[in-house]
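Report on one structure; see the data block that follows.
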There are 2 protein chains.
Amino acid sequence: MSDDEHEAKPVRDRSQVTIIDIARMAEVSKKTVSRVINESPLVREETRKKVKQIIAETGFTPNPQARALAFRKSFLIGLVYDNPSPQYVVNMQRGILDTLGDTAFQLVLRPCDRGEEGYRERVRSFILQHKPHGIILTPSVSEDEELAEILREEECDYVRIASLELDIPSRSIRTHDAQGAEMAAAHLAQLGHKRIGHIHGPKTFRSAHERLTGFKRGLEGYGLELAPELTVEGAYTFDSGVTSATRLLNRHDRPTAIFAGNDEMAVGVYVAARKAGLRIPEDLSIVGFDDTPISARIWPPLTTVRSPIREVGRAAADLLVKRGAGSDGSQELQSFQLELVVRESTRTI
Amino acid sequence: MSDDEHEAKPVRDRSQVTIIDIARMAEVSKKTVSRVINESPLVREETRKKVKQIIAETGFTPNPQARALAFRKSFLIGLVYDNPSPQYVVNMQRGILDTLGDTAFQLVLRPCDRGEEGYRERVRSFILQHKPHGIILTPSVSEDEELAEILREEECDYVRIASLELDIPSRSIRTHDAQGAEMAAAHLAQLGHKRIGHIHGPKTFRSAHERLTGFKRGLEGYGLELAPELTVEGAYTFDSGVTSATRLLNRHDRPTAIFAGNDEMAVGVYVAARKAGLRIPEDLSIVGFDDTPISARIWPPLTTVRSPIREVGRAAADLLVKRGAGSDGSQELQSFQLELVVRESTRTI
DNA sequence: CTGAAAGCGCTTACAG
DNA sequence: CTGAAAGCGCTTACAG
């Protein structure tokens, strides 16, 4: 590291414009510039205009590190996730980035493992150290009440994405998974299926329960029942889909249709069906959940329940970023409807 | 979580421990503590030990915002990518996060679009504003020499991941794509295929060129040639895979095997084959590239060239984080070999 | 090897 | 509505 040397070097023309320069040019104090930046109403309209113009002319951008230090809060938005489906995660990221765009806010990735000991404390350290502007929690970590309690304790803003109402409206985004599963059930029932299997997600995911419940309710609407022996638990992973489906398809009274709790597992069902020598959809109809990219790429294209993951991500980031801009007290809970996307993996029996 | 109760709890003062507290406790100056934190060699061993111990006891972590402001450099690692394959991106993220772990460094996502005007300036603003510790560039943005020039200009450290040698060793990670494609060619040739089609990626990706070249070379080794009419350009996307394959398969002299430039397109070939009523691998053998998760999930499982994306991500982050820790001058260029993963989508003709 | 001073570029609290 | 002072928690540059 050579340190010395240096003659009258243009002394870092790279020197960015700072709030001081703006203040000087606008003939006001730093504080007033700061007020304009932070959209304080306590600035005369005329003054504001003048400052804003100079900011625009110089292309000045306030230094986020300095602001973070003074605010005791950074411009990071943390995405805390433990979702085993990579497609879900990518879509979520896209949505959040749609909102963040070129704002000063940055998306920071914080994968975690609910099974791992001390995972909550790891999140806490992140918060304590980096003082993020907010945290977005996806299922299933979003369902962890103790984690939410930690966030409140540390006064970290957050939004929980879940298939049920877990928190106050301004901190929740809800997806109507049960309703989505109900549509899946109706679809299969209408096609004439009676022996229907279901592979649900792990019990640690509330979505698994919601989807199961909704599916049952949907079948009941058609006078059908979900046989307990045809209801098995998967892990929301591809492998678990293969294993669970294999079990179902090896039965002498195998189902004519299987509803998988997510697309990853549904794709596993495809493989199990192939290995069992069954044709899709001639011998077996399959319905998935999420409408992640793979569902349209696989053959035959998968009928699935579309969960607007990307939009949900956008909305979640919006909630965090626009805080205070509007009312946040008596806000209504934002929720997203799902829809059934009928493709070619389902057919009349 | 019961919170209160327990007596004289060290009142984990919401007021965090600062460098001043440590200095006071160790009976040294702030500066000395700072030196210990930054591993300066200019500290007496005894002093260092003492300070380190107190840091450990108090659980002190230096405030990254303050350090960033003083250093004029943040603790963010930016991932700049324009790769259209979500699977590639997820794997890359995983690798980087493996290295970053619980360090102070955070992974920040910066997707971009090389086609969009002003995309380079957008990266520049990010750097100017956030002063990231370093940037990781994946193909094809990694191949943009003008972008690299901007990074150097702004004195931002970076690592370019590419299928060829683009930069100095300490700023490059190389994958041997040509060699991988050669293996794919050999595999198909050994199976007896003679009419072989290839769908390569877009010309803006050097990897597309490398893979094409390697594939040709591989065929030549077996006295085969890649017919120009069976060589088409895709976009590394699923849809382009379907379209390109459809074109190839509609020919009267259709190929008996297709090598796709990446897995996304290979999956598209599956769909085109199905639509054309061709069985895989009985009527058509398919080879992909990357070994992303989908290749093992699809039926029949895809034979593909394994690109160690996750390891590459780990290595790239390592390069950025460990800078200075060792020699960085006469370093050797890190490169990764690929391997052929033979699954069930290829068969003797 | 160690430290006192000044500064990074903003904001909070406090006055007016 | 506006500003001067102090401070956020570190590091740089300069002394010793």
Side-chain angles (χ1 to χ4, degrees), chain A residues 1-6 9 11-12 14-52 55 58-75 104 128-131 133 324, chain B residues 13-52 55 58-75 104 128-131 133 324:
Chain A
M1 318 256 222
S2 59
D3 274 330
D4 0 60
E5 87 177 50
H6 47 281
K9 193 179 179 182
V11 181
R12 72 205 195 55
R14 194 141 299 310
S15 72
Q16 321 174 140
V17 184
T18 76
I19 201 175
I20 296 193
D21 302 311
I22 304 296
R24 200 146 30 205
M25 295 171 78
E27 299 176 294
V28 294
S29 71
K30 291 194 314 186
K31 182 57 212 172
T32 296
V33 177
S34 170
R35 285 199 181 90
V36 172
I37 294 171
N38 294 295
E39 314 218 286
S40 156
L42 292 77
V43 181
R44 201 156 33 111
E45 192 46 39
E46 205 184 323
T47 316
R48 179 194 314 286
K49 266 196 171 169
K50 189 171 174 187
V51 173
K52 280 210 164 175
I55 288 181
T58 55
F60 165 72
T61 330
N63 177 318
Q65 281 81 44
R67 295 183 84 192
L69 181 57
F71 270 140
R72 294 159 193 78
K73 186 186 264 298
S74 75
F75 286 82
L128 254 22
Q129 255 204 68
H130 293 277
K131 307 184 184 66
H133 180 265
Chain B
D13 289 340
R14 192 140 291 317
S15 63
Q16 321 175 141
V17 182
T18 76
I19 200 175
I20 296 194
D21 302 310
I22 304 296
R24 200 145 32 203
M25 296 170 79
E27 298 176 295
V28 295
S29 72
K30 293 195 312 188
K31 183 55 211 171
T32 296
V33 177
S34 170
R35 285 200 182 90
V36 172
I37 293 172
N38 294 296
E39 316 218 285
S40 155
L42 294 76
V43 182
R44 200 157 34 113
E45 193 44 40
E46 204 185 326
T47 316
R48 179 195 313 286
K49 266 197 172 166
K50 189 172 176 188
V51 173
K52 279 210 163 173
I55 288 180
T58 55
F60 165 72
T61 331
N63 178 318
Q65 282 81 44
R67 296 183 85 190
L69 182 56
F71 270 140
R72 291 160 195 78
K73 186 186 263 298
S74 74
F75 286 83
L128 254 23
Q129 256 203 67
H130 293 277
K131 306 181 184 67
H133 181 265

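Letters go in sequence order (proteins before strands), and every chain restarts at 1. Quick note: numbers below take in every heavy atom, side chains included, and nothing from hydrogens, waters or symmetry partners.
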From C-beta outward on [X], which listed nucleotide comes closest to its side chain: [options]?
X	options	result
B:A66	D:dG9, C:dG3, C:dT11	D:dG9
A:L69	D:dC8, C:dC10, C:dG3	D:dC8
B:A70	C:dG3, C:dG7, D:dC8	C:dG7

Nearest whole Å is fine: how far is [N] [atom2] from [X] [atom1]?
X	N	atom1	atom2	value
B:I20	D:dG7	CD1	C1'	10 Å
A:K30	C:dC10	NZ	P	9 Å
A:R67	C:dC8	CZ	P	18 Å
B:D21	D:dC8	CG	P	11 Å
A:E27	D:dC1	CD	P	20 Å
A:K31	D:dG3	NZ	P	11 Å
A:H130	D:dC8	NE2	P	21 Å
A:R72	D:dG7	CZ	C1'	8 Å

Of all heavy-atom pairs between [X] and [Y], which one has the smallest distance, and what is that distance?
X	Y	value
A:Q129	B:A104	OE1-CB, 4.0 Å
A:R72	A:K131	O-CD, 3.3 Å
B:S74	A:Q65	CB-NE2, 3.7 Å
A:I22	A:F60	CD1-CB, 3.7 Å

Can a side-chain donor-acceptor contact be found between B:R67 and B:N38 if the only test is distance below 3.5 angstrom?
yes

Inspect the contact between A:K49 and A:E46 and indicate whether a charged nitrogen and a carboxylate oxygen are less than 4.0 angstrom apart.
no

For DNA chain C, consecutive-pair runs of 3 or more (Watson-Crick or G-U wobble, both H-bond-type distances under 3.5 Å) give C:1-3 with D:14-16, C:5-12 with D:5-12, C:14-16 with D:1-3

Mind jotting down which residue pairs meet the salt bridge (charged side-chain N to carboxylate O under 4.0 Å, His left out) criterion with at least one end in residues 25-37 of chain A? Sequence neighbours excluded, please.
A:E27-A:K50

Short side-chain N/O contact to D:dG3 OP1/OP2 from A:S29, under 4.0 Å
yes

As a test of understanding, state which of A:V36, A:I37, A:T32 forms a side chain to side chain contact (heavy atoms under 4.5 Å, CB included) with A:I19.
A:I37

Does any N or O in the side chain of A:R48 come within less than 3.5 Å of the main-chain N or O of A:S40, such that one atom is a donor and the other an acceptor?
yes

Within residues 32-51 of chain B: residues closer than 4.0 Å to DNA chain D (heavy atoms):
B:S34, B:N38

